[in-house]
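Just so it is clear: chains get the letters A, B, ... in the order the sequence lines come, proteins before strands, and each one is counted from 1.
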Protein chains: 2
Amino acid sequence: MAIRTTATGTSVAREKLLATASELFYREGIHAVGVDRIIGEAGVTRATFYRHFPSKEDLVEAYLGVEDATIRDAFDRAGEATDDPGQLLELVIEGLADDVARLHTRGCPFINAAAEYPEADSGVRVAVGEHRAWFRGTLEALLTGAGSSDPEVAAGQLVLLRDAAMVGGYLDGWERVRPAFVGAARQAAGLAA
Amino acid sequence: MAIRTTATGTSVAREKLLATASELFYREGIHAVGVDRIIGEAGVTRATFYRHFPSKEDLVEAYLGVEDATIRDAFDRAGEATDDPGQLLELVIEGLADDVARLHTRGCPFINAAAEYPEADSGVRVAVGEHRAWFRGTLEALLTGAGSSDPEVAAGQLVLLRDAAMVGGYLDGWERVRPAFVGAARQAAGLAA
DNA sequence: TAAATGATAGAACGATCTTTCTCTTTTTGC
DNA sequence: GCAAAAAGAGAAAGATCGTTCTATCATTTA
């Protein structure tokens with residue numbers, strides 16, 4: 001048994017593939033990036049690729065899993081930073097804005113992936129749906145904790161606003177969208193202007 | 001000169017190609033649809049395709065041109081239906097909602113296209129940018145006519161909301177998004193709740 | 001009627017796509 | 001040290017990608 005492991009316990013080749021593919025898929029689109037590009041930039045051979053991922057779509061789903069885990073981690077870290085529900089909401093909105101401004105300047109990975117995968121029961125679209133359901137549910141719980149008068153409606157508004165911020169930040173520039181997003185989000189969350 | 005013309009004066013083969021490609025590009029994505037599919041379903045040969053469109057990207061840009069023209073027509077028709085600025089805004093918001101509910105159930109053609117075309121100076125992205133600039137400008141003029149206190153900010157909010165409605169309608173279902181969209185849009189436009 | 005041009009037909013180009021294969025080398029667990 | 005398994009190397013499959021080509025047919029304008 002010779003699996004070249006890293007500190008986290010998974011294969012180093014697998015992690016390199018996943019990191020390279022995530023970067024390329026996000027920056028250039030999924031159908032636009034071929035397996036050759038991925039294995040070339042990852043410095044890995046085709047055989048190694050297909051040993052870790054039975055097909056390209058498995059890699060795509062793993063990429064969305066990474067994005068999902070990253071956001072969940074950010075939420076967890078915000079939850080550890082404070083116990084005050086109102087302040088937590090502030091941190092979350094601030095974190096979302098910061099994320100669009102610095103990391104996700106090419107739009108939302110899930111929205112972009114969904115644009116390329118029309119079939120609602122495909123693995124990719126299921127992953128998108130699960131992420132969005134988690135996001136909506138988490139916001140609703142946060143808002144409930146903060147004493148929102150209608151957490152379901154407010155969570156729906158925040159989901160709406162984050163979608164718009166991701167799209168608008170990509171296509172119109174973040175400076176143009178930021179004030180409208182922050183203002184509307186704080187209002188939806190019931191925070192002071 | 002034997003160009004087989006239609007009532008509008010353009011080639012029937014070209015119109016069939018454009019209609020077929022528009023349908024396929026929107027429903028399945030652009031990179032996912034090959035030239036073979038398009039000419040097959042349009043009942044046209046490869047040579048005819050390349051006579052009317054020097055490359056596939058020209059067809060993609062023409063597809064976005066059709067989408068753009070369709071929306072502009074809808075705005076024009078709304079403008080002819082009433083002279084009252086407030087009522088015109090109501091018609092526009094209603095029209096946008098109706099559009100998402102019935103026609104654009106697979107998201108926004110421009111947002112989806114941008115997801116597949118990362119290069120900002122590509123012809124596709126330029127077309128997307130021009131459409132969005134027109135949309136924003138038109139809303140701003142409408143809001144100015146309706147006596148909005150800050151037409152620029154309000155137009156930005158409506159652009160944001162339409163993006164969100166398109167994405168949310170596709171991924172979460174329109175019923176879930178509709179109340180939030182209509183409510184927020186009417187508020188942004190300064191209309192009675 | 002004759003020249004011009006669009007449309008049809010179909011083969012073929014090279015490139016790239018995802019996937020599978022064989023063979024050797026390297027690393028690890030016992 | 002030995003057996004097991006992962007990684008490296010590279011060829012090659014078959015399909016599809018966008019594109020170009022040479023024909024012939026049909027239609028319209030001069």
Side-chain angles (χ1 to χ4, degrees), chain A residues 1-22 24-25 27-64 113 116-119 122-124, chain B residues 1-22 24-25 27-64 113 116-119 122-124:
Chain A
M1 300 138 186
I3 186 168
R4 215 172 281 162
T5 56
T6 163
T8 65
T10 63
S11 155
V12 59
R14 186 194 152 91
E15 290 216 341
K16 193 84 180 65
L17 277 168
L18 196 44
T20 305
S22 296
L24 290 175
F25 284 158
R27 272 214 332 250
E28 307 191 14
I30 296 171
H31 288 335
V33 175
V35 172
D36 280 13
R37 270 287 292 295
I38 297 171
I39 64 174
E41 298 201 11
V44 160
T45 59
R46 234 177 298 277
T48 305
F49 175 98
Y50 281 99
R51 184 163 300 114
H52 287 286
F53 302 96
S55 77
K56 185 191 174 185
E57 183 159 330
D58 292 272
L59 179 60
V60 175
E61 290 173 24
Y63 149 61
L64 293 179
E116 297 198 57
Y117 286 81
E119 307 219 20
S122 67
V124 169
Chain B
M1 300 137 185
I3 187 167
R4 212 173 281 161
T5 57
T6 162
T8 66
T10 63
S11 154
V12 59
R14 185 194 153 91
E15 290 216 343
K16 193 83 180 65
L17 278 168
L18 196 44
T20 305
S22 296
L24 290 175
F25 283 158
R27 272 214 332 251
E28 306 191 15
I30 295 171
H31 288 335
V33 175
V35 171
D36 280 14
R37 269 288 293 295
I38 297 170
I39 64 174
E41 298 201 13
V44 160
T45 60
R46 232 176 298 276
T48 304
F49 175 98
Y50 281 98
R51 193 183 319 283
H52 288 287
F53 302 98
S55 77
K56 185 191 175 186
E57 184 160 329
D58 292 273
L59 179 60
V60 175
E61 291 173 25
Y63 149 61
L64 293 179
E116 297 198 56
Y117 286 81
E119 308 221 21
S122 68
V124 169

Subject >> Residue closer to the 5' end of DNA chain C, A/P54 versus B/R14 (nearest nucleotide) >> reply: B/R14
Subject >> Closest nucleotide among D/dG18, C/dC21, C/dT19 to the A/A47 side chain >> reply: C/dC21
Original post:
Do A/V35 and A/L59 come within less than 4.5 Å of each other through their side chains, counting heavy atoms only?
Top reply: no
Subject >> Gap between atoms CD1 and P, on A/I39 and C/dT19 respectively (whole Å) >> reply: 12 Å
Original post:
Is there a side-chain contact between A/F25 and A/L64 (heavy atoms, below 4.5 Å)?
Top reply: no
Subject >> Steps toward side-chain contact (heavy atoms from CB on, under 4.5 Å) verdict (A/V12, A/K16) >> reply: CA-CA 6 Å; A/V12 59; A/K16 193 84 180 65; 5.5 Å; no
**OP:** Report the distance from atom CZ of B/F49 to atom P of D/dT19, rounded to the nearest whole Å.
**Re:** 7 Å
Original post:
Is there a donor on the side chain of B/R46 or the base of D/dT19 sitting less than 3.5 Å from an acceptor on the other?
Top reply: yes
Original post:
Given C/dT8, D/dT19, C/dT18, which nucleotide is nearest the side-chain atoms of A/D36?
Top reply: C/dT18
**OP:** Starting at atom CD of A/E28, determine the distance to atom C1' of C/dC17, rounded to an integer number of angstrom.
**Re:** 16 Å
Subject >> Atom pair distance, as rounded to whole Å: NZ in A/K16 and P in D/dG8 >> reply: 11 Å
Original post:
Should A/H52 be listed as having a side-chain N or O under 4.0 Å from OP1 or OP2 of D/dA7?
Top reply: yes
Original post:
Considering only heavy atoms from C-beta outward, does the side chain of B/H31 approach that of B/Y117 to under 4.5 Å?
Top reply: yes
**OP:** Establish, with yes or no, whether the OP1 or OP2 oxygen of D/dA6 is under 4.0 angstrom from a side-chain nitrogen or oxygen of A/T48.
**Re:** no
**OP:** Locate the shortest heavy-atom distance separating A/R37 from A/L24; write the atom from each residue and the value.
**Re:** NH2-CD2, 3.2 Å
Original post:
A/I38 has an atom CD1; how far is it from atom P of C/dT19, in whole Å?
Top reply: 11 Å
**OP:** Send over the distance from B/F53 CZ to C/dA7 P, rounded to a whole Å.
**Re:** 11 Å
**OP:** Give the rounded distance in Å between these two atoms: CZ of B/R51 and P of C/dT5.
**Re:** 11 Å
Subject >> Rounded interatomic separation in angstrom, taking OH from B/Y50 and P from D/dC17 >> reply: 11 Å
Original post:
Looking at A/T45, does any N or O in its side chain come under 4.0 Å of the phosphate oxygens OP1/OP2 on D/dA7?
Top reply: no
